[in-house]
Each structure stands twice: as C-alpha cells, then as structure tokens.
Amino acid sequence: MKNFTSAKDVTDLAGLVQLARDIKADPFKFRDAGKEKTMVLLFFNPSLRTRLSTEKAALNLGMQVISMNADQGWTLEFEEGAIMNAGSAEHVKEAAAVVSQYADIIGIRTFPGLKDREKDYSEQVIEAFKKYASAPIISLESATRHPLQSLADVLTIEEFKKKDRPKVVVSWAPHVRALPQAVPNSFVEWMKIANVDLVVTNPEGYELADEFMDGVQLEYDQQKAFAGADFIYAKNWSSYREYGQILSQDETWRITQDKMVNWANNAYFMHCLPVRRNVVVEDAVLDGPNSIVIKQANNRTWAAQAVVKRVLEGL
Ligand SMILES: NCCC[C@H](NC(=O)CCC(=O)O)C(=O)O
Ligand SMILES: NC(=O)OP(=O)(O)O
C-alpha cells in the first residue's frame, strides 16, 4: 500500500480486517517489520486516540516514532506560486520534502476549516503532502475522511455482529459545536464495501455529500431508521449543504436508552469518541452493557497496526 487516506487505497478489505484480527491475537507477531524505520506523526489538530493508538501500533512493529504538534510549528503556505509576504513562513513544498528526510512514513491529522467547502473537499493539506513528500502518507483524520477510525469500526462490527449481514444505522445527534463530516463520510464509505445493511438518519439539511451517499438509504425519521438496527453509530456533524453551519440542536435526536431498547433491536452503541455526554447520548447508553465504545477505541491500535504493516511492505 502506498498511501492510506481513504477506502479507495484498500483493495482487499477482508484481508486487511483479518490481518488486524491476527495482530490483535498476537500484537508482537511482526515486531521487526518496522525495524530501523521511523514514523513521523504531524498533528495540525488535537487527538487522544489516534495519536496514542498509531504510536502504539508503530512501536509494536518495531518502528521509531516522532509525534509533533504541527499547529505549533510554522504556518504553512499551500498555494502554488504564492508571494509569501503575509502570515505563512514556509511552503508545503519544502516542509513535506524535509519531513520526508526524517520519516519513512508520515501520518497527518488535519481538520477542515468548515468555511470553504470546495477547499476542504479538495483535501488541500493531505493532497499537498502526497504530492511533495517522498514518504507514504497515512491520514490520521483529514478534512473529509477518517479511514483509520473506519477500519477499526469495520473490525468492531465484525467482532460483535450476531448475523452475517447486520443492520447498521448512522445517526446524526445534536452538539454544541460545528463538527466535521469526516467521520460519518468515512464510515459510510467503508460500510458500503462491508457486508452490512446501512441506513443514515439525519434531520433535513444535514445530508452528507452525494459522493458518499450515492446508493445509501437516507431516512429522515430517526425512529423508522432505528427499527431492527443491530448497531447504532452516533455522530454529530455540521451541514454540508449550508456548509459548516449548525442548523439544529434538536434534543429529540439525542440517543437515549429508550430508543436503543424500544426502537432498535437492543442494538450495540458505537461512537468514535470524544463524545459529549447527555448532549449526543445519555449516560444510561454509554454506561450500559450495549455500549462498545471502549472496545471500538481499543481496536484503533490493531487497525493502525495492520495499515502500517501494509504500508511498510510497500516501501
Ligand atoms: N477524531 C474524532 C472526532 C474529532 C472531531 N470531534 C471533535 O472535535 C469534538 C470536539 C468537541 O466535542 O468539542 C470530529 O467530530 O471530527
Ligand atoms: N476517534 C478519534 O479519532 O479520536 P481522537 O480525535 O482523540 O484521535
């Protein structure tokens, strides 16, 4: 695998999931796969899970890891031909090439600005690093996708499903801040190639981009969407249509224990975390026996380790 920035980089999902499961059963199985190789992780935005699980994954493969809070470095310029007489001190052309001198693999976290849809959906930062870095790029959540999260989600559903083709529902839920669409976009992208029945439910105005929703069932009635669901995947996102806006904070969309038991099929509850308790979801759900959010977070390591292993194979 050269880069890992979307589901399109994966040609054999079943094989990748199996590799993650094998690694989970025996975490140090490939302890020398990354010997004398260095991973550099650049965080333009905060992270708890992605940072620690990806570092751990690389360490388990014998790699050396350097993480940098890139938001505290030089402000980068991305425009071709820019006259750099304003705020940015360094062009991504040099920055990406220089980081490649120290790294065999580069991980990048870069959230969208949520102001300019075209710019965010062009994946300016990740694409510039792909273009100007000589080392492979792994997305640690970009403007429009979070593939390491999605692979961990596929793995988690694979482990917990009680039928061959479970019903998986992505539900929008309220939040106090405007959040990216990256997690639901990516989850939908991966669920389309997994063996599940997928339904997305959100209030009007919160439709995800067509490039993700093409062929996916959209249901505006949350109760109807939940019927017979085996997994409820909750997430807030800001509007794609009215880009980056909060159109609703409707509390009736909060995930409650009553909905999980009486609307869904006593479903498992999933969320990528961090989650705002009693805004997105009630305590009773998160603290209840059907919440698998911690196991989901645990799977981040095995998903990352499988991906890093495959990228190492391609060096
Ligand atoms: N990587 C997991 C989610 C990261 C981000 N959430 C957040 O920033 C939550 C912040 C808050 O709750 O204030 C998102 O939704 O994409
Ligand atoms: N789920 C997730 O990516 O968490 P962090 O933002 O803490 O990395």
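Counting convention: from 1, in listed order, for ligands and their atoms alike.
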(Q) Taking distance alone, with N or O pairs closer than 3.5 Å, would you say Arg276 contacts ligand 1? (A) yes
Q) Should you measure from each heavy atom of Cys272, which atoms of ligand 2 turn up under 4.0 Å away? A) 1 (N)
Q) With a 4.0 Å cut-off on heavy atoms, does Pro180 reach ligand 1? A) yes
Q) What part of Leu273, side chain, backbone, both or neither, has a heavy atom within less than 4.0 angstrom of ligand 2? A) backbone
Q. Would you call the rings of Phe187 and Tyr233 parallel, tilted or perpendicular, where under 30° means parallel and over 60° means perpendicular?
A. parallel
Q. Nearest protein heavy atom to atom 6 (O) of ligand 2, by residue and atom, and its distance?
A. Arg109 NH1, 2.8 Å
**Q.** atom 5 (C) of ligand 1 - nearest protein heavy atom and its distance
**A.** Phe111 CZ, 4.1 Å
Q. Is there a donor-acceptor pair closer than 3.5 Å between any side-chain N or O of Gln296 and the backbone N or O of His271?
A. yes
Q) Which atoms of ligand 2 have any heavy atom of Arg300 under 4.0 Å away? A) 1 (N), 2 (C), 3 (O)
Q) Of the protein's non-hydrogen atoms, which lies at the shortest distance from atom 16 (O) of ligand 1, and what is that distance? A) Glu141 OE2, 2.8 Å
Q) Taking non-hydrogen atoms only, is Val176 closer than 4.0 angstrom to ligand 1 via side chain, backbone, both or neither? A) neither
Q: May I ask you to identify, for Gln149, whether its side chain, its backbone, both or neither come under 4.0 Å of ligand 1 on a heavy-atom basis?
A: neither
Q: Please could you name the atoms of ligand 2 that Leu48 approaches to less than 4.0 Å, counting only its heavy atoms?
A: 5 (P), 7 (O), 8 (O)
Q: Please state which part of Gln181 comes within less than 4.0 Å of ligand 1, counting heavy atoms only: side chain, backbone, both or neither.
A: neither
Q.
Salt bridge or not between Lys93 and Glu77? Use side-chain N to carboxylate O under 4.0 Å.
A. no
Q.
Need the ligand 1 atom indices (1-based, order shown) with element for anything under 4.0 Å from a heavy-atom of Leu273.
A. 2 (C)
Please list, one pair per line, the donor and acceptor atoms closer than 3.5 Å that link side chains of residues 308-315 to other protein atoms, with sequence neighbours excluded.
{"residue": "Lys309", "atom": "NZ", "partner": "Glu313", "partner atom": "OE2", "Å": "2.4"}

(Q) Under a 4.0 angstrom heavy-atom cut-off, which atoms of ligand 1 come close to Arg109? (A) 1 (N)
Q) For atom 15 (O) of ligand 1, what's the nearest protein heavy atom and its distance? A) Lys235 NZ, 2.6 Å
Q. Do Phe129 and Ser139 touch side chain to side chain, with heavy atoms closer than 4.5 Å?
A. no
Q: Give the atoms of ligand 1, by number and element, whose distance to some non-hydrogen atom of His146 is under 4.0 Å.
A: 1 (N)
Q: Identify, for atom 8 (O) of ligand 1, the protein heavy atom at the shortest distance, and state residue, atom and that distance.
A: Leu179 CD2, 3.9 Å
Q: Answer yes or no: is there an ion pair linking Glu159 with Lys24, defined by an N-O contact shorter than 4.0 Å?
A: yes
Q. For atom 4 (O) of ligand 2, which protein heavy atom lies nearest, and how many Å away is it?
A. Arg49 NE, 2.8 Å
Q: Quickly, which of Gln222, Lys259, Lys235 forms a side chain to side chain donor-acceptor pair (under 3.5 Å) with Ser171? Name it, please.
A: Gln222
Q. Are Glu55 and Arg51 within salt-bridge range, i.e. N to O under 4.0 Å?
A. yes
Q. His146 heavy atoms, cut-off 4.0 Å: which ligand 2 atoms fall inside?
A. 2 (C), 3 (O)
**Q.** Arg165 with Asp197: basic N within carboxylate O range, under 4.0 Å
**A.** yes
**Q.** salt_bridge(Glu158, Lys161) N-O dist < 4.0 Å
**A.** yes
Q) Is Arg277 salt-bridged to Asp283, cutoff N-O under 4.0 Å? A) yes
Q: Return the residue, atom name and 0.1 Å-rounded distance of the protein heavy atom closest to atom 10 (C) of ligand 1.
A: Arg177 NH1, 3.3 Å
Q) Would you call Arg145-Glu189 a salt bridge at under 4.0 Å N-O? A) yes
